[in-house]
Amino acid sequence: MNENKLREDIALTGKSLYDRGLAHGSAGNISVKLADGWLMTPTNSCMGRLDPARISRLDGSGRLVSGDKPSKETFLHIAMYEERAGCGAVVHLHSVHSVAVSCLDGLDSSNVFPPITAYAVMQVGRLALVPYYPPGDESLAGAVRTVAGKHHAVLLANHGPVVAGTTLEAAVNAIEELEQTAKLVLLLQGHPTRYLTPQQVAELNRRFAS
Ligand SMILES: [Zn+2]
């Protein structure tokens, strides 16, 4: 796809996420793969006011080629691309409900969400939990790398979700489903809940496996 169109798509997506309260302040970042590198939202930029022309352009080694300095969380994105062939875009948010779930005790680190709805199973799948590290800590990239091959959706403990998709649209749809599922998980806390059965989950995976 044309690079200028991808730049506009990133800015429009950022504004849409910001306008609906899924990103705040300078939190969250978006990247898209190019034939010879990546486009990455700049450090300290507000997702609601991205200038397409100033989005960081990185080469295949992650070095800045043009535009503003890239997000401090760029390494999270690159870890996803390097571990997932076919990954075309990555979105990372500090969205409230997902962050709240990431702070809960006793989560299953290989499958954070119980199977609440069909769309959670189909779009989020088995959500991996990665232990807490301070922002910008390179150890976080290593931790993401260990699970990224098997999980396109990863939840950073006490931090937020990182989701890979074949396209920007796919990654955004999946991270929005993740946020909605996190909200449902919180709403259902303390309520007796009927989850999808293992057979129902297997049937979804069979029908809708990508
Ligand atoms: Zn973050």
Side-chain angles (χ1 to χ4, degrees), residues 1-3 5-18 20 22-23 27-41 47 50 52 55-58 60 62 70-71 73-95 97-99 101-102 110-113 115 117-130 140-141 143-156 159-183 204-205 207-210:
M1 197 187 285
N2 174 297
E3 183 179 323
K5 169 82 169 75
L6 289 173
R7 288 172 176 273
E8 281 171 22
D9 285 351
I10 290 172
L12 286 171
T13 299
K15 178 163 170 38
S16 167
L17 292 167
Y18 183 84
R20 289 176 295 137
L22 293 164
N29 28 75
I30 298 172
S31 66
V32 172
K33 191 170 182 357
L34 301 171
D36 57 353
W38 296 279
L39 292 174
M40 178 81 221
T41 49
M47 293 262 266
L50 290 169
I55 288 172
S56 320
R57 193 188 200 291
L58 310 179
S71 164
E73 299 185 307
T74 297
F75 64 90
L76 290 177
H77 295 244
I78 291 183
M80 282 298 228
Y81 289 110
E82 289 183 349
E83 297 300 318
R84 300 190 64 79
C87 174
V90 175
V91 182
H92 167 54
L93 296 176
H94 298 172
S95 46
H97 301 92
S98 303
V99 177
V101 167
S102 84
S110 67
N111 194 10
V112 170
F113 292 147
T117 69
Y119 281 93
V121 172
M122 289 151 53
Q123 296 218 359
V124 180
R126 293 171 71 85
L127 175 65
L129 182 74
V130 165
L140 187 53
V144 168
R145 229 173 260 283
T146 60
V147 296
K150 287 193 178 146
H151 301 262
H152 72 282
V154 175
L155 187 61
L156 313 179
H159 184 162
V162 185
V163 176
T166 51
T167 63
L168 178 56
E169 188 181 15
V172 169
N173 285 343
I175 206 164
E176 290 191 17
E177 194 64 41
L178 193 162
E179 173 66 9
Q180 288 296 313
T181 305
K183 190 171 180 179
L204 287 170
N205 289 334
R207 284 197 201 189
F208 301 101
S210 51

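When reading the values below, keep in mind they use all heavy atoms of this one structure, side chains included, and skip hydrogens, waters and symmetry mates. In what follows, residues are counted from 1 in the order of the sequence shown.
The backbone N or O of A23 lies less than 3.5 Å from no partner atom in the side chain of H94, so there is not a single donor-acceptor pair. Proximity of a side-chain donor or acceptor of S16 to a complementary backbone N or O of L12 within less than 3.5 Å is not detected. In this structure a side-chain-to-backbone donor-acceptor pair under 3.5 Å is present from S102 to H159. The closest donor-acceptor contact from the side chain of H152 to the backbone of Q123 lies under 3.5 Å. In terms of modelled atom types and a separation under 3.5 Å, the side chain of T41 and the main chain of I30 share a donor-acceptor contact.
The two residues A171 and G165 come nearest to each other via the heavy atoms CB-N, 3.7 Å. Of all the heavy atoms in T181 and A120, the pair that sits closest is OG1-CB, 3.4 Å. Shortest non-hydrogen contact noted between A11 and L50 is CB-O, 3.7 Å. Of all non-hydrogen atoms in A148 and M80, the two that sit nearest each other are CB-SD, 3.5 Å. H151 and S110 get closest at one heavy-atom pair: CE1-O, 3.3 Å. Between P52 and R7, the shortest heavy-atom contact is O-NH1, 2.9 Å.
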Could you walk me through whether V121 and F208 pass the side-chain contact (heavy atoms from CB on, under 4.5 Å) check? CA-CA 10 Å; V121 172; F208 301 101; over 6 Å; no
Derivation and outcome, side-chain contact (heavy atoms from CB on, under 4.5 Å), residues R57 and D36: CA-CA 10 Å; R57 193 188 200 291; D36 57 353; 3.2 Å; yes
Would you check, one step at a time, whether the test side-chain contact (heavy atoms from CB on, under 4.5 Å) holds for L168 with V91? CA-CA 8 Å; L168 178 56; V91 182; 4.1 Å; yes
Could you check E179 against L93 for side-chain contact (heavy atoms from CB on, under 4.5 Å), going step by step and ending with a plain yes or no? CA-CA 9 Å; E179 173 66 9; L93 296 176; 5.9 Å; no
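Atom NZ of residue K33 and atom CG of residue L6 lie 12.0 Å apart, to the nearest 0.5 angstrom. Rounded to the nearest 0.5 Å, atoms NZ (K183) and CG (L178) are 14.0 Å apart. We find the CD1-NZ distance between I10 and K5 to be 11.0 Å, quoted to the nearest 0.5 Å. Between the NE2 atom of H77 and the CG atom of L39 there is a distance of 12.5 Å, given to the nearest 0.5 Å. In this structure, I175 CD1 and S95 OG are separated by 6.0 Å, a value rounded to the nearest 0.5 Å. With values rounded to the nearest 0.5 angstrom, T166 atom OG1 is found 10.0 Å from R84 atom CZ.
In this structure, L76 and L156 have side chains that are in contact, with non-hydrogen atoms separated by less than 4.5 Å. No side-chain heavy atom of P70 sits under 4.5 Å from any side-chain heavy atom of W38. Taking the side chain as every heavy atom from C-beta outward, V144 and F75 never approach each other to under 4.5 Å.
Within a 6.0 Å sphere centred on CD of E169, other residues, nucleotides and ligands contribute 12 heavy atoms or fewer.
Of the candidates L127, V147, V163, L155 forms a side chain to side chain contact (heavy atoms under 4.5 Å, CB included) with just one, namely L127.
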